[in-house]
2 protein chains.
Amino acid sequence: MSKQHQRTRSDHASEIAEDYVEAIADFIADKDVCRSGDLVRHFNVTHATVNNTIARLERDGFVTTAPYQPIALTARGRRLATACRKRHETVEAFLLKIGVSPATAVIDSEGIEHHVSRETLDAMKRILSDGWPDEVAGGSRRGDGLH
Amino acid sequence: MSKQHQRTRSDHASEIAEDYVEAIADFIADKDVCRSGDLVRHFNVTHATVNNTIARLERDGFVTTAPYQPIALTARGRRLATACRKRHETVEAFLLKIGVSPATAVIDSEGIEHHVSRETLDAMKRILSDGWPDEVAGGSRRGDGLH
DNA sequence: TTCGAATGTTAGCCGAAGCTAAGAAGGATG
DNA sequence: CATCCTTCTTAGCTTCGGCTAACATTCGAA
Ligand SMILES: [Mn+2]
Ligand SMILES: [Mn+2]
Ligand SMILES: [Mn+2]
Ligand SMILES: [Mn+2]
């Protein structure tokens with residue numbers, strides 16, 4: 001019992017870090033630098049909150065900062081950002097694939113992404129690239145064989 | 001921007017309440033009463049933590065308690081529990097449907113359930129009951145009006 | 001009936017993630 | 001240069017959800 005809940009709790013601990021490095025990487029890709037004000041607007045939280053969060057990220061080795069300078073990602077931060085962006089994109093694309101509207105897919109994927117294990121992510125990717133799995137006996141039988 | 005993040009933050013605020021009322025309802029269904037020790041074992045946290053959490057649930061009108069007595073759900077608590085259990089079951093069943101192993105489905109659904117909107121839940125239910133959407137050239141649109 | 005184990009409560013601590021309010025640093029414009 | 005506005009930092013507060021340690025209550029055995 002309760003392996004689930006421990007996983008959910010630990011997912012939440014890394015969730016903020018994941019969203020921040022992803023956003024920082026996006027700003028850097030987009031306009032070459034990321035300032036804390038960019039994150040204030042992006043996450044819709046206060047300057048003080050961004051400052052505290054960035055301090056934790058620096059403590060944990062994901063970013064480097066200097067007073068009044070842009071925020072830079074460490075190699076570790078870049079690795080995490082890339083992995084998170086891919087995972088996020090997969091989850092969002094999968095929601096669209098099952099018929100969810102674009103607006104809802106954007107919102108739901110933002111929360112869901114952090115709780116998707118490697119195995120579930122692979123299942124989603126497989127469906128996105130190979131199509132729906134074959135229905136096993138007892139199912140409602142609709143798509144017939146392949147394509 | 002950031003509508004997503006506000007939703008994710010507010011999902012987290014209700015997440016613990018949802019898991020607790022669901023567990024309490026399960027214990028009551030199973031053995032007629034729920035004692036705080038049941039929750040200690042179920043969530044694998046300490047007595048003190050369960051006590052604090054239950055106090056918040058009572059403050060918010062989901063449960064009633066009396067010293068050394070079992071924990072009882074209010075009507076509001078029962079409503080929430082029922083809705084959460086259904087949603088949880090749907091998410092777990094859907095993960096199985098896309099080919100995730102039972103053990104992983106149990107773990108991932110515990111976190112994912114809290115971030116699944118009504119619309120996404122409906123999409124999952126539709127697939128569980130009607131089978132995969134028709135594949136149509138160019139995308140995943142499922143033509144045909146409803147039903 | 002007393003006593004010890006199991007169960008429940010309380011007090012006090014911590015870190016994460018939010019906030020407000022105050023002030024410092026820097027840059028554009030006169 | 002001085003000024004003013006934007007940007008950034010710092011201090012101090014809150015709630016939540018964890019924890020440990022100490023204490024209280026209940027209840028079944030001896
Ligand atoms: Mn996210
Ligand atoms: Mn979550
Ligand atoms: Mn649940
Ligand atoms: Mn859950």
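Numbers restart at 1 for each chain; the letters A, B, ... are given by sequence-line order, proteins then strands.
Side-chain atoms of A:Ile16 lie closest to C:dG18 of the nucleotides D:dG18, D:dC8, C:dG18.
Contacts classified as salt bridge (charged side-chain N to carboxylate O under 4.0 Å, His left out) and involving residues 29-39 of chain A (residues at least two apart or in different chains) are given here: A:Lys31-A:Asp38, A:Asp38-A:Arg41. The stretch residues 43-63 of chain B participates, sequence neighbours left out, in these ring pair (Phe, Tyr, Trp, His ring centres under 6.0 Å) pairs: A:His5-B:Phe43, B:Tyr20-B:Phe43. Pairs of residues two or more places apart, or lying in two chains, never qualify as salt bridge (charged side-chain N to carboxylate O under 4.0 Å, His left out) while including a residue from residues 55-79 of chain B.
Two residues, A:Gln69 and B:Ala13, neighbour DNA chain D, and the one matched to the more 5' nucleotide by heavy-atom proximity is A:Gln69.
Between the CG atom of A:Asp11 and the P atom of D:dG17 there is a distance of 16 Å, rounded to whole Å. Atom pair A:Tyr20:OH and C:dA16:P shows a separation of 14 Å (rounding to whole Å applied). Nucleotide D:dG17 holds its P atom 12 Å from the CD atom of B:Glu18, rounded to whole Å. When rounded to the nearest whole Å, the span between CD of B:Glu15 and P of D:dT15 equals 21 Å. If you measure from atom CZ of A:Arg9 to atom P of C:dG15, you get 18 Å, rounded to the nearest angstrom. Taking atom NE2 of A:His12 as the reference point, atom P of D:dT15 lies 22 Å away to the nearest angstrom.
Put simply, B:Arg35 has a side-chain N or O that comes within less than 4.0 Å of OP1 or OP2 on C:dG8.
Every salt bridge (Lys or Arg N to Asp or Glu O under 4.0 Å) that A:Glu113 has, sequence neighbours left out, goes to A:Arg87. For B:Ser10, there are no side chain to side chain donor-acceptor pair (under 3.5 Å) partners, not counting sequence neighbours. A:Arg118 is linked by a salt bridge (Lys or Arg N to Asp or Glu O under 4.0 Å) to A:Asp122, counting only residues two or more places apart in sequence or in another chain. By the side chain to side chain donor-acceptor pair (under 3.5 Å) test, B:Thr49 pairs with B:Thr46, sequence neighbours left out.
The NE2 atom of B:His12 sits 6.5 Å away from atom OG1 of B:Thr8, with the distance rounded to the nearest 0.5 Å.
Non-hydrogen atoms lying under 4.0 Å from DNA chain C are contributed by A:Val45, A:Thr46, A:Ala48, A:Thr49, A:Asn52, A:Arg56, A:Arg59, all within residues 45-61 of chain A.
In this structure, a donor-acceptor pair under 3.5 Å is absent between the side chains of A:His114 and A:Ser14.
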Expected rows: protein N/O vs nucleotides 25-27 of chain C N/O, under 3.5 Å:
from   : atom 1 : to      : atom 2 : distance (Å)
C:dA25 : O4'    : A:Tyr68 : OH     : 2.8

